[in-house]
Number of protein chains: 2
Amino acid sequence: MNDKANAQPGGRKHQRVRQADVARAAGVSQAAVSLVLSGSPDLSIGASTRQAILDAARDLGYVPDPIARRLATGRNNLLGLHTFAPEFPVSLSNSYYPYLEGVEVEAAAQGYDLLLFTGAPNTASRETAVHRLRLADGCVLVGRHPPIDDVRALLESGFPLVYIGRHDDLGEELSYIGADYSRATAALTDRLHDLGHRNFVYVQEVDTAVASTDREDGFEESMRRHSSDAVGTAPRLAAEQITPALVKGWIDDGCTAIIVEGGTETVDSPASLDTLTHVLGELGLEYPRDISLATTGSEFTQRSGSVVFAGFDVPRREMGRQAVQLLIDLLRGKELSVAERQRLLECAPVDGNTSGPARRA
Amino acid sequence: MNDKANAQPGGRKHQRVRQADVARAAGVSQAAVSLVLSGSPDLSIGASTRQAILDAARDLGYVPDPIARRLATGRNNLLGLHTFAPEFPVSLSNSYYPYLEGVEVEAAAQGYDLLLFTGAPNTASRETAVHRLRLADGCVLVGRHPPIDDVRALLESGFPLVYIGRHDDLGEELSYIGADYSRATAALTDRLHDLGHRNFVYVQEVDTAVASTDREDGFEESMRRHSSDAVGTAPRLAAEQITPALVKGWIDDGCTAIIVEGGTETVDSPASLDTLTHVLGELGLEYPRDISLATTGSEFTQRSGSVVFAGFDVPRREMGRQAVQLLIDLLRGKELSVAERQRLLECAPVDGNTSGPARRA
DNA sequence: AAAAACTAGTAATGCGCATTATCTTTGACA
DNA sequence: TGTCAAAGATAATGCGCATTACTAGTTTTT
């Protein structure tokens, strides 16, 4: 009864209804069908013919093939989003989430649909995974450690790409929307200096990335400006390395303000900050009374009570939005200067309630 | 200097490198390039030629076009996921999330990549949005209120589709993985009956959907079986309609157990249950002492303390997994009976600590 | 030495659609 | 009555790739 042979990719002959089928049913040419079903409505197809085509299409259950359409036109009004992660960042506590929100909102506002690419760089499909992005007209990328060669290949192939996060390693070709971590961290350090702090410890993630070294640069830069009356160190520490003994040592050495790298893209929970507050508790120290705390980013995990860490706000949503806007500009072939294609957004300072005047030595 | 005219879809002549370009550079035919770059490695292309092609491809920065590939082969190893929602359900509190997890895990395990389709049924792109799913080889759908005509059109066009959630309105053609809400709700009601409850109120969502009426059916069925000694009503109430006066009325009428519809797909927060517990507090009633509470689903919002609502567990992750497995079977043209293509999974009972023996009248 | 069997590669075709150039009618106007 | 233009529709082509059928050269077989 049923010709199951046709269900197979090999054996199928014309499983799905094509424009040609509609054309035959309506007694017209395939071109006419194409014009009526997807061309601008004012084209030269008579009313009766048009109706016949529409009827036939409805009766046969014609559904356009987006692949063929895309191949023919070169566009499909689809924007890609890829994170280079095996699974999609669907958790609220994941710091990617606000980017996604911004991208989603702006894409919708601009009339583009979104394609979220999952797919780990697993051994099997790694090489093809990145090329797959070309299913969309252009793509927004997020991720601390992208496979740079693949990204370069895509870029050189002329595929419109916008990175969320600064990425100068591919030169001026790669467009991005970043956050000015360096400036924000310097400003944060300056504010602590204004509060009287003269001895700092900046705790960094072990995992170095642009977002991480930018922050370090900002800290160092501030330290240099205040080199006449302030000192600071910037150790890279894993959460478990932050022991009471270590912290005690800092304080004994005169440290009055600790800054913790935070809000980094792949760190789901800022464990370092959690550990540090825990250690301070063990040492019987309260902040901001005994010591000032700050973090180079916004917090995602819910804090008990009303603790708001001093630091700055990474405008993630806005970065997502602007990334989409930039991508669309690229898609439309708009001429953009390098400054327009590589932007750093400012991070608003957050005073919080974890830092205060330096304890007198 | 730069030929910017070529950047435009109209003016561009050969922006990106094609197999034909590689072929010319290597002095071979396009077919040879195709065979080497994507054909099985044991095909009849000599080693030197093969190397020349590989070199040329690398030098020119060739990147395969997934669209053309897909058009030619009919497959691209991509599975779609669509929720009919304007934005993607990326929040943990959203009850779609576990489905996504299951789908993601299983797709990865089977070597398929995932394409998450965003795109609201907004007036502009609504009609084309659904067809866009055909970018993938097949698609998993989730959603309480799908645009049934579009889904039918897709289905009739032969596109492999698996719905998460029961959907009999399209007959036997639409495959699905559902949860046996009816049976689970009946069992839950039976358990309460076993505890001595004889007078029930089942609070339902105002928004009717299959997942909702299935639960109601289960409740009614249990009531019918116990019609000799038990009674119950099943009002559909919005959260704000649940007032102290109303609840007081139920209790005065002898109600000892309240079941609240929960875990429905689009309800981000089970507001009805929250409202109800709040109202009970206002009335000075404690559960399970004064009254038993249960819900027809699992909870997502974090509860204060260790309250675990009586009810049952919807195996969402497992549903996601099985949906993917089923979809892949369909893709491969496997012959499946209706029973295999339309499955209801059992929901494990959850005793919780919000229900107990009925208060004596 | 002729036929059979490989080997290495190419030409041709089609996937489903959009688009352009082209052809055929018909109507308007002088 | 003849000419030109507009309207209505079609044939042809290409998007980039995979795939099949086929050609030509080289061994192997008997």
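The chains referred to below are lettered A, B, ... by the order of the sequence lines, with proteins before strands, and numbering in each begins at 1. FYI, side chains are in, hydrogens and waters are out, and symmetry mates aren't considered; it's all heavy atoms of this structure.
Taking atom CG on A/Asp21 and atom P on C/dC15, their separation rounds to 11 Å, with Å as the unit. Rounded to a whole Å, the CG atom of B/Leu71 is 12 Å from the P atom of D/dG16. Between A/Ile67 atom CD1 and D/dC17 atom P the separation is 14 Å, expressed in whole Å. Here D/dT10 presents its C1' atom at 9 Å from CD1 of A/Ile45, a figure rounded to the nearest Å. The distance from atom CG of B/Asp65 to atom C1' of D/dG16 is 6 Å, rounded to the nearest whole Å. Atom pair B/Ile53:CD1 and C/dT10:C1' shows a separation of 12 Å (rounding to whole Å applied). The interatomic distance linking A/Asp137 (CG) with D/dC15 (C1') rounds to 14 Å, in whole Å.
Checking the phosphate oxygens (OP1, OP2) of C/dA8, no side-chain nitrogen or oxygen of B/Ser44 falls inside 4.0 Å.
The rotation axes computed at either terminus of the helix from C/dA1-D/dT30 to C/dA30-D/dT1 lie 50° apart, taking five pairs at each end and rounding to 10 degrees.
Applying the side-chain contact (heavy atoms from CB on, under 4.5 Å) criterion to A/Arg166, with sequence neighbours excluded, gives A/Asp168, A/Tyr176, A/Val210, A/Asp214, A/Leu344. Remark: B/Glu340 engages B/Leu336, B/Ser337 in a side-chain contact (heavy atoms from CB on, under 4.5 Å) (not counting sequence neighbours). Here B/Asp59 pairs with nothing under the side chain to side chain donor-acceptor pair (under 3.5 Å) rule; sequence neighbours left out.
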Would you tabulate the side-chain donor-acceptor contacts of residues 151-164 of chain A under 3.5 Å, counting partners in other chains and residues two or more places apart, or write 'none'?
unit_1: A/Arg152; atom_1: NH1; unit_2: A/Asp149; atom_2: OD1; d: 3.0
unit_1: A/Ser157; atom_1: OG; unit_2: A/Leu154; atom_2: O; d: 2.6
unit_1: A/Tyr163; atom_1: OH; unit_2: A/Gly143; atom_2: O; d: 2.8

Given B/Gln325 and B/Glu106, is the side chain to side chain donor-acceptor pair (under 3.5 Å) satisfied, shown in steps?
-> CA-CA 7 Å; B/Gln325 288 171 354; B/Glu106 188 61 24; 3.1 Å; yes

If you restrict it to nitrogen or oxygen atoms, what contacts under 3.5 Å exist between nucleotides 18-21 of chain C and the protein, and what is each distance?
unit_1: C/dA18; atom_1: OP1; unit_2: A/Ser38; atom_2: OG; d: 2.8
unit_1: C/dA18; atom_1: OP2; unit_2: A/Gln19; atom_2: NE2; d: 2.9
unit_1: C/dA18; atom_1: OP2; unit_2: A/Ser34; atom_2: OG; d: 2.6
unit_1: C/dA18; atom_1: OP2; unit_2: A/Ser38; atom_2: OG; d: 2.9
unit_1: C/dA18; atom_1: N7; unit_2: A/Gln30; atom_2: NE2; d: 3.4
unit_1: C/dA18; atom_1: N6; unit_2: A/Gln30; atom_2: OE1; d: 3.4

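For the pair A/Asp113 (side chain) and A/Asn77 (backbone), a donor-acceptor distance under 3.5 Å is absent. A donor-acceptor pair is defined here as one N or O able to donate and one able to accept, closer than 3.5 Å; no such pair exists between the side chain of B/His131 and the backbone of A/Pro64. Side-chain atoms of B/Arg70 come within 3.5 Å of backbone atoms of B/Leu135 as a donor-acceptor pair (strictly under, hydrogens ignored). Using a distance-only test at 3.5 Å, with no hydrogens or angles considered, a donor-acceptor pair links the side chain of A/Thr73 to the main chain of A/Arg69.
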